[in-house]
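Atoms considered below: every heavy atom in the structure, side chains included; atoms not considered: hydrogens, waters and symmetry mates. Order of the sequence lines sets the chain letters (A, B, ...), proteins ahead of strands, with each chain counted from 1.
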Amino acid sequence: MSEEKKSLNFLEQIIEEDLANGLPKEKLRFRFPPEPNGYLHIGHAASICLNFGLGLKYNAPVNLRFDDTNPAKEEQEYVDSIQHDVQWLGFQWDQVLYSSDYFQQLYDWTLEFIKQGKAYVDNQSSEQMAAQKGTPTEPGIDSPNRNRSVEENMELFLKMKNGEFEEGSHVLRAKIDMKHTNMHMRDPIMYRILKRHHHRTGNNWCIYPMYDWTHGESDYLEQISHSICTLEFKSHRDLYDWYLDQVVDADKLRPKQREFARRNLSYTVMSKRKLLQLVEEKIVTGWDDPRMPTISGLRRRGYSPESIRNFSEIAGIAKRDNVTDVALLEFCVKDHLNKTAPRVMAVLDPIKVIITNYPEEKEEFLDASYNDYEDGFGSRAIPFSREIYIEQEDFKEEANKKFFRLKLGSEVRLKNAYIIKAESVVKDEAGNITEIHCTYDEDSLSGSGTEESKRKVKGTLHWVSVKHAEKAEVRVYDRLFTDEAPDSYKDKDFKEFLNPDSLNIIKAFVEPSLKTAKILDRFQFQRLGYFCVDKDTTNEHLVFNRTVPLRDSWAKMGE
RNA sequence: UGAUCCAUGGUGUAAUGGUAGCACUCCGGUUUUUGGUAUCGUCAGUCAAGGUUCGAGUCCUUGUGGAUCAACCA
């Protein structure tokens, strides 16, 4: 047991400091607050792992809170997918809550604001208000409606609430400071009129609170000790604190907002807007297209929750902008799948091999372990016969000594089977090789214990028996974009960098044991990569997705 | 010509004024019935200039570079 001291990230340091300054450990409480307006992606996974990870580390509850204050964009479908994704990642929340749970409380507080002269109704157009707001470098000016009487504000706000005004005609604003250097403090909108059906509150409300006026208060009501969000909310913190100042009880815990840098991944985009665009323009097949960086896409691609959690762990968090190399994510899946995935055989680009000295009608079932190096994986019988498929690229008529695979006049081992020697080829009129004729060494069967079986031959090939092979569709994925950061160019659209070869559909042959594989089962196709069973699979039609290829130092040599 | 935040190998992150470390990537060796895995190793970094200090990646100043902020979005 190495008592290695793990360094704390800056948020853990803040928490430790708060604890040292007297915050009781039992008061620690976190939350993950998605807006249910889209599917979760790998960037959200960072936040999920962070918040739920802190919960685990400090044995503190973590709420899943849907930030559902904009009925125009939010849907139950997204609520469901988000819950599914968080659970699939392996986390357990304390409570599922909704910002909409607090609409009444927020409204009651707002009445107090109005009575105390801290909020006013503005009936100017959004253009007028924008013009008065100033710019980051110039101060704003006060709205002509800023000094309405309490009575008038109360009356107008009630009319807003009762649906007597049109959408867009009136808003309620907090009275703060139109000259503040922070734009968010220039009399921000607290409520707008939205005559929309809300996925939870139905038509109970036609005024909806804005994000800023909801988030901190929700944190406070749930007694969240540390409200962790991404960097772009940094400038909202003044407002978060200002709102809290108006409502916080001295004997209750006051939540603290802190910000970290969102996680970006190379060769993809992460904004919901762009992801939505890929879906709507049918560039991908859906939110769960295996090329998407969504949790559902990664799941369908064959990523395991463990690998995603490990990725978040080792990528870490900080406050600077980053583009994390997708190779790190790929390393994490390969690392996990290497330990957990059974090894099987599949040939993606077949060429027929005929073993001329093997009896025509003979077939045998060879015992093959699902993992030669680890216990507990079990084994299955794989059929062997006179005709087999191997990969085209595993054969050359002539090649130099560095080519360990099959070539005329030399030997290779067939994995879990015999040593064969290539004798001749058959070609069609065009000169393409259609068959490779080999002979086999009858005494060389793997694991038979004979002298011949122990012979060292340099190459070992995977194969499937022609007679017994199952046909399968294999979807080979590559990165969706050709540029490391496709959305980092101001003058170019991210779609200019789409990779035209991000999907390759292959007709392959797989060993018969895979016939019974279930959707999402993960395998290593030996010498090729990790693959999982796609949901498009039916009894008649097997479909696999390539999660990630194996490292291939041979292919690299050729470059 | 504002405010706020950020700056450590190619990438991501540590070092809490005291030996710049870890992982990925790249490259090379060994092992191997997966050109995989495992294992060993190489290359590679504190944005710049001043200052404080016995000592600065860390503190201060000034630059430089980047990010964020002007939705009735979150």
*Choose from B:A74, B:G35, B:A70 the nucleotide whose nearest atom is closest to any side-chain atom of A:R192.*
B:A74
*Secondary-structure stems, RNA chain B, at least 3 Watson-Crick or G-U base pairs under 3.5 Å*: B:2-7 with B:64-69, B:10-13 with B:21-24, B:27-30 with B:38-41, B:47-51 with B:59-63
*Given RNA chain B, 5'-ward residue of the pair A:N371 and A:I193, judged by closest heavy atom*: A:N371
_Which residue in the set A:I390, A:N416, A:D394, A:L414 passes side chain to side chain contact (heavy atoms under 4.5 Å, CB included) when paired with A:H462?_
A:D394
*What's the closest nucleotide to the A:V171 side chain, out of B:C72, B:G35, B:A74?*
B:C72
_Are B:A74 and A:Y211 stacked, with the base six-membered ring and the side-chain ring centres under 5.5 Å apart and planes under 30°?_
no
*Quickly work out the A:Q524 CD to B:U34 P distance and round it to whole Å.*
11 Å
*asked:* Here's a test of your reading of the structure: between A:H184 and A:P33, which maps to the more 5' nucleotide of RNA chain B?
replied: A:H184
_Residue A:K556, side-chain heavy atoms: nucleotide from B:C27, B:G36, B:G35 that is nearest_ = B:C27
*Describe the nucleic acid contact of A:Y373 in one word from base, sugar-phosphate, nothing, applying a heavy-atom distance below 4.0 Å.*
base
*Got a sec: does the CD of A:E451 have more than 12 other heavy atoms crowding it under 6.0 Å?*
no
_Quiz question: going by heavy-atom distance under 3.5 Å, is there a donor-acceptor pair between the base of B:U68 and the side chain of A:S235?_
no
